[in-house]
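Here the structure is laid out as structure tokens; the discussion comes afterwards.
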Amino acid sequence: MTLKEIANVLNAKVVVDGFFDKKAVVTAVASDLMSDVLTLDEEPDILITGLTNLQSIRTAEFADIPIVVVARGKKLTPEFISLAKETELCLLTTDFSVFKSSGVLYKNGVKEIY
Amino acid sequence: MSGIKFEYKLEGGDFANAGKASSQIKKTLKQLNIASKTIKRVVVSLYEAEVNVVAHAYRGKIDVEITVEMIDIVIADEGPGIENIEQAMQPGFSTATAKVVSMGFGAGMGLPNMKKNTDFMNVESEVGVGTTVQLKVALVDKLVEN
């Protein structure tokens with residue numbers, strides 16, 4: 001799926017159209033526990049999370065995850081958005097829950113990484 | 001061998017700035033054309049260390065030295081210290097507060113993850129004084145001193 005298709009199926013808003021150089025989104029991880037994300041040996045294309053403090057952007061930055069989807073329609077602070085811009089991440093928001101976002105992406109062919 | 005040196009300061013409780021040092025080191029390592037997997041190991045470990053200082057200590061200092069052979073990081077904090085380092089190294093052991101947990105951390109995974117991602121790790125701590133963590137990631141096949 002392309003980033004545009006991802007936004008489409010999640011009914012998501014692209015808040016920051018950052019740097020994503022791969023042709024297609026292939027894998028995703030869903031977590032609110034950043035410690036877990038930081039232990040991944042592979043790099044998923046998407047992090048789906050309900051965590052809206054700066055640590056989720058930092059975690060994506062260091063775990064080499066180019067796209068962050070914030071679920072549950074959570075409000076984002078200006079600091080959160082500007083950090084995503086600064087780190088050149090793609091940032092999407094959706095009203096879908098983490099569970100539904102994951103389910104919809106999985107149904108559309110996005111795979112787990114482990 | 002002397003290399004490129006960086007120094008950063010950390011304040012306890014300042015979660016907004018946790019990760020700044022790691023972010024700058026990531027940029028520098030990218031400019032130096034270090035392999036992306038190696039960069040990830042360095043910045044994940046350093047970020048875990050930054051979060052530890054912000055979560056547990058009063059203040060801290062990070063010294064990073066990049067040489068041809070390795071990246072050598074020392075994170076020294078003034079804080080409560082670690083009573084039992086062996087216990088702290090066990091996956092799942094945590095003394096983190098609810099606030100730290102709300103930040104997506106505090107699951108007792110930080111120190112073990114730093115160990116996993118580095119070629120050398122040493123933790124020294126004195127209760128009531130502070131903790132010093134040294135991390136090394138090799139840029140060559142073999143680190144002579146280890």
Chain B to chain A donor-acceptor contacts, backbone plus side chain, under 3.5 Å:
from	atom 1	to	atom 2	distance (Å)
B:F15	O	A:Q55	NE2	3.0
B:S23	OG	A:R58	NH1	3.4
B:S23	OG	A:E61	OE2	2.6
B:K26	NZ	A:E61	O	2.6
B:K26	NZ	A:D64	OD1	2.8
B:K37	NZ	A:D41	O	2.8
B:K37	NZ	A:E43	OE1	3.3
B:K37	NZ	A:E43	OE2	2.9
B:K40	NZ	A:L40	O	3.0
B:K40	NZ	A:E42	O	3.3
B:K40	NZ	A:E43	OE2	2.9
B:S102	O	A:N53	ND2	3.1
B:G104	O	A:M34	N	2.8
B:G104	O	A:S35	N	3.2
B:N113	ND2	A:L38	O	3.0
B:K116	NZ	A:T39	O	2.7
B:K116	NZ	A:D41	OD1	3.0

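- Both the backbone and the side chain of A:L33 come within contact range of chain B, with heavy atoms under 4.5 Å apart.
- Shown here is A:F99, whose CZ atom has no more than 12 heavy atoms of other residues, nucleotides or ligands within 6.0 Å.
- Contact of B:M109 with chain A is made through the side chain alone, with heavy-atom distances under 4.5 Å.
- Residue pairs that meet the ring pair (Phe, Tyr, Trp, His ring centres under 6.0 Å) test with at least one member in residues 1-27 of chain A, sequence neighbours left out, do not exist here.
- By number of non-hydrogen pairs under 4.5 angstrom with chain B, the leading residue of A:L38, A:L54, A:L83 is A:L38.
- Sorted by first and then second residue, the salt bridge (Lys or Arg N to Asp or Glu O under 4.0 Å) pairs with a member in residues 76-85 of chain B read B:R59-B:E78; sequence neighbours excluded.
- Listed by chain and number, the residues in a salt bridge (Lys or Arg N to Asp or Glu O under 4.0 Å) with B:E7 are B:K9 (sequence neighbours excluded).
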**Request:** Go through the steps to decide whether B:F15 and B:V100 satisfy the test side-chain contact (heavy atoms from CB on, under 4.5 Å), and finish with yes or no.
**Result:** CA-CA 9 Å; B:F15 283 97; B:V100 176; 3.8 Å; yes

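- Here the rule is side-chain hydrogen bond (donor to acceptor under 3.5 Å, both in side chains) with B:Q134, and of B:N122, B:D72, B:D63 only B:D72 fits it.
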**Message:** Test side-chain contact (heavy atoms from CB on, under 4.5 Å) on A:I6 and A:V110; report intermediate values, then the result.
**Reply:** CA-CA 10 Å; A:I6 295 286; A:V110 176; 4.2 Å; yes

